[in-house]
Asks: 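Before I ask anything, here is the structure I am working with.
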Amino acid sequence: AQKITQTQPGMFVQEKEAVTLDCTYDTSDQSYGLFWYKQPSSGEMIFLIYQGSYDEQNATEGRYSLNFQKARKSANLVISASQLGDSAMYFCAMREGFGYNQGGKLIFGQGTELSVKP
Amino acid sequence: KAGVTQTPRYLIKTRGQQVTLSCSPISGHRSVSWYQQTPGQGLQFLFEYFSETQRNKGNFPGRFSGRQFSNSRSEMNVSTLELGDSALYLCASSLEGAGYGYTFGSGTRLTVV
């Protein structure tokens with residue numbers, strides 16, 4: 001069965017510094033997708049970044065980048081130049097079911113609560 | 001472009017009652033999924049609907065059900081509510097195909113007393 005592990009329940013970072021949130025995954029599938037979501041206290045899950053298993057380059061979206069190491073089955077999120085508004089829960093997720101018309105579901109990790117200090 | 005809309009935002013129900021939650025996906029998205037989020041269990045997949053058909057189902061009792069309408073709007077129903085059903089219920093919509101992410105709504109926070 002697919003599994004996502006986030007080993008950091010909470011993290012602190014100084015404003016304007018970079019921070020790495022860890023994520024390891026377990027799957028026997030060759031094709032899969034990895035996602036990071038941000039969940040502020042309001043509850044909404046905000047999509048940050050996506051990495052496909054066959055993508056050769058690490059994904060980047062603005063201040064977010066995904067450090068994808070396929071052999072180690074890790075997909076760490078790097079946030080550069082942290083801002084106070086980055087304080088939130090961050091979830092790593094993997095899409096189970098990847099073919100067209102197969103549907104799919106997300107398997108989530110337990111999350112990392114990030115606090116950005118001024 | 002409107003996002004995923006969930007109603008109501010907050011709900012308080014009594015044990016034994018039933019509840020219906022609504023989700024309107026992004027226009028053009030035909031896949032709608034539901035997730036339950038609790039402090040103890042985290043985020044768990046409930047079910048997914050596509051073109052009015054349930055395509056995937058998570059490991060939840062039969063008290064949890066859902067449906068999707070022809071306009072892709074979806075509802076989920078929980079009958080005979082239990083205290084443990086108190087949770088944030090999140091709906092997500094997606095385009096079909098590998099690599100497409102899921103856009104989530106703001107959720108419905110259900111409290112069972």
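Hydrogens, waters and symmetry mates are skipped; everything else that's a heavy atom, side chains included, is used. Keep in mind that this is a model prediction, so the values were computed, not measured. First the proteins, then the strands, lettered A, B, ... as listed; each starts at 1.
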Asks: Given that the side chain runs from C-beta out, which part of Gln51(A) has a heavy atom under 4.5 Å from chain B: side chain, backbone, both or neither?
Replies: neither

Asks: For Phe47(B), is it the side chain, the backbone, both or neither that has a heavy atom under 4.5 Å from a heavy atom of chain A?
Replies: neither

Asks: If the plane angle is over 60° it's perpendicular, under 30° parallel, otherwise tilted; pick one for Phe35(A) and Tyr50(A).
Replies: tilted

Asks: Assess Lys70(A) against Tyr54(A): is NZ or CZ under 6.0 Å from the centre of the six-membered ring, and within 45 degrees of the ring's axis?
Replies: yes

Asks: Think Lys117(A) forms a cation-pi with Phe12(A), using NZ or CZ under 6.0 Å from the six-ring centre and within 45 degrees of its axis?
Replies: yes

Asks: Which one wins on heavy-atom pair count under 4.5 Å against chain A: Gln44(B), Gln41(B), Gln37(B)?
Replies: Gln37(B)

Asks: Among residues 105-113 of chain B, which ones touch chain A with a heavy-atom distance under 4.5 Å?
Replies: Gly105(B), Ser106(B)

Asks: Non-hydrogen atoms of chain B under 4.5 Å away: do they reach the side chain of Leu106(A), the backbone, both or neither?
Replies: both

Asks: Between Ser79(B) (side chain) and Gln18(B) (backbone), is there a donor-acceptor pair under 3.5 Å?
Replies: no

Asks: Working to the nearest 0.5 angstrom, can you tell me the gap between Lys105(A) NZ and Leu46(B) CG?
Replies: 10.5 Å

Asks: Centroid separation under 6.0 Å, is that true for the rings of Phe104(B) and Tyr37(A)?
Replies: yes

Asks: What's the verdict on side-chain hydrogen bond (donor to acceptor under 3.5 Å, both in side chains) for Glu52(B) and Ser70(B), showing C-alpha distance, side-chain angles and the deciding distance?
Replies: CA-CA 6 Å; Glu52(B) 303 177 64; Ser70(B) 59; 4.9 Å; no

Asks: Keeping the roles fixed (side chain from Arg30(B), backbone from Leu95(B)), state whether a donor-acceptor pair exists under 3.5 Å.
Replies: no

